[in-house]
Amino acid sequence: MTGQETPPMATPRAAAGALFFDEHGRLLLVRPHYKDYRDLPGGYIEPGETPFQACVREVHEELGIQPPIGDLLVVDWAPHPQEGDKVLFLFDGGILSPSMRDSIRLGADELAGYDFHPVEELPGLLIERLAHRVTAAVTARSLGRPLYLEHGQQLPN
């Protein structure tokens with residue numbers, strides 16, 4: 001290789017989202033118009049944005065609220081067969097108070113609705129790769145430290 005050649009490198013799509021809970025420990029899931037499964041509030045990171053900034057922006061765009069966004073819970077290297085390399089960030093949105101929940105105004109062009117679900121029900125409500133990622137994020141939240149994942153799974157130690 002000459003001094004002017006650049007070796008190939010990954011150029012992943014990046015997205016960020018948040019986990020929000022109610023006072024009963026149930027997780028908020030959204031129902032996007034453009035997907036046939038439930039999801040978390042969040043979306044792709046725009047050029048020049050940090051993952052945290054994208055999370056805050058997406059939550060505001062989708063739910064119409066600006067709750068404090070907490071710590072990073074997981075980073076997941078999760079290539080998708082049709083979409084290529086992806087790196088996904090999930091942050092802790094904490095517990096949404098009743099007044100914050102009353103302030104939710106759905107981005108009509110994106111979401112058909114939302115609801116809260118017990119964490120135990122997630123595997124039956126989410127597509128498999130998302131269920132793994134969200135379950136790991138719930139674990140990270142209880143551990144008080146972020147986790148690194150590949151395809152939604154922790155690496156063996």
Side-chain angles (χ1 to χ4, degrees), residues 12-46 49-144 146-154:
R13 291 178 169 196
L19 273 64
F20 293 107
F21 297 87
D22 68 8
E23 63 275 8
H24 305 291
R26 298 177 304 173
L27 180 67
L28 182 142
L29 297 178
V30 297
R31 294 187 313 274
H33 286 297
Y34 53 91
K35 293 180 181 177
D36 59 359
Y37 57 88
R38 289 178 173 90
D39 205 346
L40 294 173
Y44 284 111
I45 299 169
E46 295 179 354
E49 262 185 333
T50 68
F52 182 84
Q53 290 168 334
C55 181
V56 169
R57 176 184 52 76
E58 285 286 343
V59 166
H60 185 251
E61 286 176 6
E62 292 182 358
L63 300 177
I65 57 174
Q66 293 182 293
I69 302 296
D71 292 333
L72 177 69
L73 295 174
V74 299
V75 174
D76 189 7
W77 180 258
H80 187 276
Q82 286 79 39
E83 299 175 12
D85 291 339
K86 285 186 172 186
V87 61
L88 307 161
F89 300 85
L90 290 180
F91 293 90
D92 188 356
I95 297 172
L96 287 180
S97 68
S99 64
M100 185 65 72
R101 292 194 308 266
D102 288 344
S103 298
I104 291 175
R105 300 294 176 263
L106 298 179
D109 57 331
E110 292 194 43
L111 299 179
Y114 74 94
D115 34 35
F116 287 87
H117 297 276
V119 172
E120 310 78 66
E121 294 179 4
L122 297 179
L125 296 170
L126 301 172
I127 59 173
E128 185 177 15
R129 66 182 181 271
L130 182 57
H132 289 303
R133 183 176 314 119
V134 173
T135 300
V138 171
T139 298
R141 189 173 190 258
S142 68
L143 294 172
L147 296 174
Y148 170 75
L149 311 174
E150 291 184 4
H151 305 281
Q153 305 292 324
Q154 292 184 58

L40 and L29: CA distance, side-chain angles, deciding distance, side chain to side chain contact (heavy atoms under 4.5 Å, CB included) verdict
CA-CA 5 Å; L40 294 173; L29 297 178; 3.8 Å; yes
Just so I know, are the side chains of L106 and L63 near enough to count as touching, which here means a heavy-atom distance under 4.5 Å?
yes
If I take atom CZ from residue R141 and atom CG from residue L90, how far apart are they, to the nearest 0.5 angstrom?
12.5 Å
Got a second to check how far R133's CZ is from L73's CG, nearest 0.5 Å?
13.0 Å
Main chain of H151, side chain of D76: is a donor-acceptor contact present, judged purely on distance under 3.5 Å?
yes
Roughly how far, to the nearest 0.5 Å, is CZ of F91 from CG of D71?
9.0 Å
To the nearest 0.5 Å, atom OG1 of T139 lies from atom CG of L149 at 9.5 Å
NE2 (H117) and CG (L122) are apart, to the nearest 0.5 Å, by 8.5 Å
Taking all heavy atoms of R38 and all of L125, pick out the closest pair and write down the distance.
NH1-CD2, 3.4 Å
Any donor-acceptor pair under 3.5 Å from E62 side chain to G42 backbone
yes
So do V59 and P67 actually touch side chain to side chain, heavy atoms under 4.5 Å?
yes
N/O donor-acceptor pair under 3.5 Å between R105 side chain and D102 backbone:
yes
Does the T135 side chain pair with the main chain of H132, one donor and one acceptor, at a distance under 3.5 Å?
no
What verdict does the salt bridge (Lys or Arg N to Asp or Glu O under 4.0 Å) test give for D115 and R31, after you've listed the backbone C-alpha separation in whole Å, the side-chain angles of each residue and the deciding distance to 0.1 Å?
CA-CA 8 Å; D115 34 35; R31 294 187 313 274; 2.9 Å; yes
Say you draw a straight line from CD of Q153 to CG of L147; how long is it, rounded to the nearest 0.5 Å?
11.5 Å
Check A16 against I45 and note the closest heavy-atom contact, atom names and distance.
N-CG1, 4.3 Å
Exercise: identify the closest heavy-atom pair between I69 and A18
CD1-CB, 4.3 Å
Would you please classify the geometry between the F116 ring and the Y114 ring as parallel, tilted or perpendicular, with 30° and 60° separating the classes?
perpendicular
Answer yes or no: is there a side-chain heavy-atom contact under 4.5 Å between Y44 and E49?
no
For W77 and Y148, run side chain to side chain contact (heavy atoms under 4.5 Å, CB included): C-alpha distance rounded to whole Å, both residues' side-chain angles, the deciding distance at 0.1 Å, then the answer.
CA-CA 8 Å; W77 180 258; Y148 170 75; 3.8 Å; yes
I need the minimum non-hydrogen distance between A140 and V74, along with the two atoms involved.
CB-CG1, 4.4 Å
Return yes when atom CD of E128 has more than 12 non-hydrogen atoms of other residues, nucleotides or ligands closer than 6.0 Å, and no otherwise.
no
Measure from the side-chain N and O atoms of H60 to the backbone N and O of I65, and report whether any donor-acceptor pair falls under 3.5 Å.
no
For the pair F21 and V119, evaluate side chain to side chain contact (heavy atoms under 4.5 Å, CB included) and give the outcome as yes or no after the intermediate values.
CA-CA 10 Å; F21 297 87; V119 172; 4.2 Å; yes
Step by step, work out the side chain to side chain contact (heavy atoms under 4.5 Å, CB included) result for I104 and L28.
CA-CA 12 Å; I104 291 175; L28 182 142; 4.3 Å; yes
